[in-house]
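On a predicted model such as this, the values are computed, not experimentally measured, just so you know.
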Amino acid sequence: MAREILEGAMAVAHAVARCRPEVVAAYPITPQTHISEELSTIVADGELAAEFVKVESEFGAASVVLGASAAGARAYTATSSQGLMLMAEVLWNLAGMRLPVVLACANRSVSAPLSIWCDHQDAESIRDCGVIQIYAEDAQEACDQHVIAFKVAEDRRVLLPVMVNLDGFLLTHVFEPVELPDQALTDKFLGKYEALYKLDVDNPMSFGCFTEPDKCMEGRWMIHDAALRSLGVIEEVSAAFAKTFGRASGGHLEEYKSKDAETILIAKGSISGTIKDVVDAWREKGRKVGLVRLKTFRPFPRAALLAALKGAKQIGVIEKGGSFGAGGIMTPEIKEVLYDAGLRIPVSGFCVQLGGREIAADGIAEIVERVSKGERQKAYEYFRLKQSLLPDLVP
Amino acid sequence: MSSKLSMDKLSIGCVALPGGSLVYKTGAWRTMRPVFKHATCNGCRACEMVCPEGCVFENPAEKHTIEQGGKKREIANRDYDPDFCKGCGMCAAECPVDDIDMVPEVK
């Protein structure tokens with residue numbers, strides 16, 4: 001299979017088409033637009049036998065794929081930032097109704113202030129709803145993870161929506177060599193989706209029914225249980241994907257020179273490329289630095305993370321988000337994994353690249369330098385905050 | 001498999017067949033209940049039509065008599081299902097002959 005030079009979003013659209021969704025509904029939003037635009041072209045050109053539903057909003061898009069999935073169709077949507085916010089209510093319902101919709105989030109900052117560039121706060125803000133979240137480092141992974149996403153979502157042991165995250169602009173708008181998943185292999189890999197329950201006029205039923213307090217908790221717990229069970233399914237499907245397609249795009253983690261590392265950095269998404277360059281530079285100087293890249297963020301792969309991190313002397317978490325008024329998003333979760341294992345490895349958290357600010361290798365190198373001192377961080381840090389830009393904070 | 005679906009025991013996705021909400025006796029929410037006075041009721045059925053729970057019904061076993069155009073007419077009584085009536089009062093508000101009172105539900 002030949003590699004082609006494709007724009008990330010276009011490549012994703014073609015990879016999704018090869019998964020043969022029967023219903024696609026999406027509303028344009030930068031930087032996601034090229035995915036749905038290209039998919040609409042693919043459908044209009046008759047290359048994909050799908051219903052492309054034009055909608056009035058992302059709430060409509062999510063609702064259409066919910067209905068389509070409940071009717072037994074393989075369904076897909078894609079969005080970004082404000083669009084994801086507008087989908088939020090439906091995403092909770094998709095998870096609760098156990099509908100295996102796949103969606104892409106072209107990660108972008110959430111207003112206000114208005115920004116169209118990349119960070120992870122859109123996806124992270126819906127982390128608790130039961131949607132499985134996987135993150136790509138490059139266009140190839142974003143393509144392959146869509147195939148994995150459909151397979152995991154539709155597995156009867158899971159039946160949850162899966163969201164593939166790819167960094168807005170940094171991945172959606174960059175041209176890279178990509179090998180699209182082979183059509184015949186993809187067909188064989190995914191098979192046909194058979195819904196557990198489906199809407200049928202001759203056999204009516206209701207999804208996500210009303211529960212009184214005596215039953216609601218069990219209904220919600222089943223989402224948690226399925227999400228936890230998906231950890232094993234993701235590993236299984238990723239191994240099968242690697243065997244079928246010859247690429248290790250799946251899995252929960254990438255451990256990059258971290259096995260013997262004293263200082264381990266943790267990140268997800270495209271920033272990992274820059275971090276790897278810094279790791280390489282430090283390794284050349286004989287410094288034991290490594291990267292653990294998180295591909296699965298929800299469910300949180302606690303066991304895999306513990307195994308990957310337990311030998312570290314200090315850990316630095318590089319995030320593209322934060323919980324305002326608290327700390328980081330991944331940082332406290334990493335600490336929890338270590339704490340529960342009785343480990344007191346110092347973990348420092350850094351928020352970088354909010355709203356797409358560039359962090360070049362020198363920024364990562366500064367973080368490595370500081371983390372490798374092994375000191376305990378007092379508070380989650382908004383890295384290289386420009387004090388000179390700030391007004392009187394209490395006017 | 002689907003023929004056994006109900007909300008008595010949860011299913012994956014909390015899926016249920018029609019009629020599943022019959023297990024939820026929403027009548028417990030009620031603070032007011034309708035009293036069908038059967039003084040002026042002419043059997044127009046507006047109360048049945050507007051009830052959002054569909055729990056107002058005709059009770060042909062009991063009848064009352066009204067005078068209409070100089071003639072006596074026998075009309076079937078109305079009743080409501082206390083298991084599901086939430087006491088919203090729409091029947092009383094819409095009754096064109098003001099034959100339904102809402103009274104506090106007291107024990």
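A/F207 pairs by the ring-ring contact (aromatic ring centres under 6.0 Å, His included) definition with nothing, not counting sequence neighbours. Considering only residues two or more places apart in sequence or on other chains, B/R73 meets the salt bridge (Lys or Arg N to Asp or Glu O under 4.0 Å) condition with none of them.
Counted within 6.0 Å of NZ on B/K63, heavy atoms from surrounding residues, nucleotides or ligands total more than 12; the atom is thus considered enclosed. For A/E51, the CD atom is loosely surrounded, since the number of other residues' heavy atoms within 6.0 Å does not exceed 12. When the shell of 6.0 Å around NZ of B/K37 is examined, it contains more than 12 heavy atoms from other residues, nucleotides or ligands.
Residues of residues 97-105 of chain A lying under 4.5 angstrom from chain B, judged on non-hydrogen atoms, are A/M97, A/R98 in numerical order. Identified by a heavy-atom distance below 4.5 Å to chain B, contributing residues of residues 56-91 of chain A are lacking entirely.
A cation-pi contact, defined as under 6.0 Å to the ring centre and within 45° of the axis, is absent between A/K151 and A/F241.
Side chains of B/N59 and B/N77: no donor on one and acceptor on the other come within 3.5 Å.
Of the possible donor and acceptor atoms, one in the side chain of A/R18 sits under 3.5 Å from a partner among the backbone N and O of A/P181. Judged by distance alone, the side chain of A/H252 and the main-chain N or O of A/L305 form no donor-acceptor pair under 3.5 Å.
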